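From a predicted model like this one, the values you see are computed outputs, not experimental measurements. Letters A, B, ... are given to chains in the order of the sequence lines, protein chains preceding strands, and every chain is numbered from 1.
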2 protein chains.
Amino acid sequence: MESIAAKIKEALKRNETIVIAGECEVNYSGRVEAELPIGERLLLIKADKAFLVHQPEGHQPINYMRSESKHQINVEEGNIVIRSQNLANKDFMKVIIKKVHFYQSKKLEDGQKIRVVGTEKDMSEMIYKNPELISKDFKPLSMEEHTKYGFIDVFGHDKEGNIVIIECKRFRADLSAVTQLRRYVEKIATAKGIGLEKVRGIIAAPKITANAKQMLEDWGYSFVAVNPPASYEKYDKNQKTLGNWE
Amino acid sequence: MESIAAKIKEALKRNETIVIAGECEVNYSGRVEAELPIGERLLLIKADKAFLVHQPEGHQPINYMRSESKHQINVEEGNIVIRSQNLANKDFMKVIIKKVHFYQSKKLEDGQKIRVVGTEKDMSEMIYKNPELISKDFKPLSMEEHTKYGFIDVFGHDKEGNIVIIECKRFRADLSAVTQLRRYVEKIATAKGIGLEKVRGIIAAPKITANAKQMLEDWGYSFVAVNPPASYEKYDKNQKTLGNWE
DNA sequence: ATATAGATCTCGTCA
DNA sequence: TGACGAGGTCTATAT
């Protein structure tokens, strides 16, 4: 344990990425109080001093400290004890490691950014460039702008001179999408000093829940079925089937 | 590469937790299309077949496949290629590993659940048991119930016979908290066939944003400052300072 | 720093 | 399975 503790300290100083598999218990205090009894987990400390505790199942870390935390390594009663604190966030974590299955660390370099296509913003852009997806008489004026009226996805008008506000959802629109749209419509009407009947609110999404549709129509808004951008499908979904899928 | 690929296959069959540090590029296709050029990362495959790609910085995995995915390991042109698919979610990922810094795998056992104190539910409970935190004449009737009126945090009435609806936020209440409250108030008023003036809407939170407060008051609702439960502070925040914080 | 909203959100829970 | 809301949400962006 002493030698592993020493390695962890060295690796922290060098901003290496650290991986430890072992038995541990975890206590956290900060935005909540949390305790996790002993079990076998994977511990990961990143170059930015984020500290993740992963159980063998589940997508998310079960405990963590965010970036820019500080860590203190000690050996106490034969266990490695990692105390972490983030004074800015006022949170604290203690991990008592009672058994180590393996330890590894390595300085990793990665300046790459991910490129993503098919987000809600892409959907707004598609509608802005193809207004006929909404209706024949829709004329977009601005898109995804943080205007003084708010964070409206697509903003425009129709032939009758009504203002049109579109809220896009990439998947299924729900109640909160409707209240979001309603908030924008009311804000615009107030800001421009015009009646609510001169502002059309539209939700553009592939689907909408029944309750959301009801509320939408109760408030005089409407739903237009729009699929998110098909994206460039450069990735082969007909994956090779040599070998076995495990 | 061949031997590491063989180890990965074996570890997958045994539901081990797998860790690989190395250089890779990643492509994902599913809910969006994403590509991540080559860089040094940590790859983690869990017992439930979730597959996380972590960059050396940042809390979240930069790419991932969710639980119950299937993985196929091949060696192609000297690289390890992991193809993953999740037919239920219709998503696909390909990771091309061009260099391996280290590989480890281990069967991990952990049936423990985390215990958390200080959530929004705890805050609702505190208000339910201590209604004077809201006002002298507030009488709670139900708490955190999925009533037919919706998921209202605390529900009750006052001496004047008004219905009182409380929406709790653990941190700072924002615009969406106000629209959420408004939705509940309107739903109750409609369901009971009473006027909006007979339903009081209250946001209970430690703080509220200026815009949210404005909207709240515009709609005739009110804000009551309530701190989330102090929780049991069993964890020593005056952490030992032996050794160095890194 | 705060405010706002998206996310391949994830996760739990209930009808 | 869908719907709904919380989350120690995290992350990006604008003010």
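Atom P of nucleotide dT4(C) and atom CD of E120(A) are separated by 17 Å, given to the nearest angstrom. Whole-Å rounding puts the N89(A) CG to dT2(C) P distance at 11 Å. Distance CZ (R172(B)) to C1' (dG7(D)): 18 Å, rounded to an integer number of Å. Here dT4(C) presents its C1' atom at 13 Å from CD1 of I152(A), a figure rounded to the nearest Å. Spacing between atom CD of Q60(A) and atom P of dT8(C) amounts to 13 Å, rounded to whole angstrom units. Atom CZ of F171(A) is separated from atom P of dA5(C) by 22 Å (rounded to the nearest Å). Note: CD (Q214(B)) to C1' (dA3(C)) measures 15 Å, nearest angstrom. Spacing between atom CD1 of I114(A) and atom C1' of dC10(D) amounts to 15 Å, rounded to whole angstrom units.
For the P atoms, the distance from dA5(C) to dG8(D) is 22 Å, rounded to whole Å. Distance check on atom P: dC11(C) versus dT11(D) gives 16 Å, rounded to whole Å. As rounded to the nearest Å, dT8(C) and dG5(D) have P atoms that lie 22 Å from one another.
For the pair L36(B)/Q55(B), a side-chain contact is recorded, criterion being any heavy-atom separation below 4.5 Å from C-beta on. Using a 4.5 Å heavy-atom cutoff, the side chains of V154(A) and I134(A) are not in contact.
Between Q180(A) and dT4(C) there is no side-chain N or O to OP1 or OP2 distance below 4.0 Å. Applying the 4.0 Å criterion to OP1 and OP2 of dG6(C), one finds that R31(B) has every side-chain N and O outside that range. At the phosphate of dG8(D), neither OP1 nor OP2 sits under 4.0 Å from any side-chain N or O atom of K90(A). The side chain of R115(B) places no N or O atom within less than 4.0 Å of a non-bridging phosphate oxygen (OP1 or OP2) of dG8(D).
For M93(A), taking side-chain heavy atoms from C-beta onward, the closest of the listed nucleotides dA6(D), dA7(C), dG8(D) is dG8(D). The side chain of D91(B) approaches dT8(C) more closely than any other nucleotide in the set dA3(C), dT8(C), dG6(C). Among the nucleotides dA6(D), dA3(C), dT8(C), the one closest to any side-chain atom of V32(B) is dT8(C). Among the nucleotides dA5(C), dT8(C), dT10(C), the one closest to the side chain of R66(B) is dT10(C). For K169(B), whose side chain is taken as the heavy atoms from C-beta onward, the closest listed nucleotide among dA6(D), dC4(D), dG7(D) is dA6(D). Counting only heavy atoms from C-beta on, F151(B) has its side chain closest to dG5(D) among dT8(C), dG5(D), dG6(C).
Note on I62(B): a base of the nucleic acid sits closer than 4.0 angstrom, heavy atoms only. Heavy atoms of N211(B) sit under 4.0 angstrom from primed sugar atoms or phosphate atoms, though from no base atom. Heavy atoms of K113(A) sit nowhere under 4.0 angstrom from any nucleic acid atom. Contacts of Y184(B) with the nucleic acid, taken as non-hydrogen atoms under 4.0 Å apart, involve only primed sugar atoms and P, OP1 or OP2. S176(B) comes within 4.0 angstrom of no nucleic acid atom, judged by non-hydrogen atoms across all strands.
You'll find a donor-acceptor pair under 3.5 Å spanning the side chain of N63(A) and the base of dG8(D), going by distance alone.
Ion pair K49(A)/E246(B) not flagged as a salt bridge, since none of the NZ, NE, NH1 or NH2 atoms sits closer than 4.0 Å to an Asp/Glu carboxylate oxygen.
Of the residues near DNA chain D, I208(A) and G58(B), the one whose nearest nucleotide (by heavy atom distance) lies more toward the 5' end is I208(A). The 5' end of DNA chain C is approached more closely, in terms of each residue's nearest nucleotide, by D174(B) than by the other of M65(B) and D174(B). Comparing T209(A) and H59(B) along DNA chain D, the residue whose closest nucleotide (by nearest heavy atom) sits nearer the 5' end is T209(A).
Aromatic stacking is marked for Y28(A) over dG8(D), as both cut-offs hold: 5.5 Å for the centres and 30° for the planes. Aromatic stacking of Y64(A) on dG8(D): satisfied, with centres closer than 5.5 Å and planes within an angle under 30 degrees.
A donor-acceptor pair under 3.5 Å is absent between the side-chain atoms of R41(A) and the main chain of D110(B), judged by distance alone.
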Y221(A) and L181(A): side chain to side chain contact (heavy atoms under 4.5 Å, CB included), yes or no, with the steps?
CA-CA 9 Å; Y221(A) 308 134; L181(A) 175 66; 4.0 Å; yes
Take I114(A) and Y28(B) through the side chain to side chain contact (heavy atoms under 4.5 Å, CB included) test and state the conclusion after the steps.
CA-CA 10 Å; I114(A) 195 167; Y28(B) 165 81; over 6 Å; no
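No side-chain donor-acceptor contact under 3.5 Å links T209(B) and N211(B).
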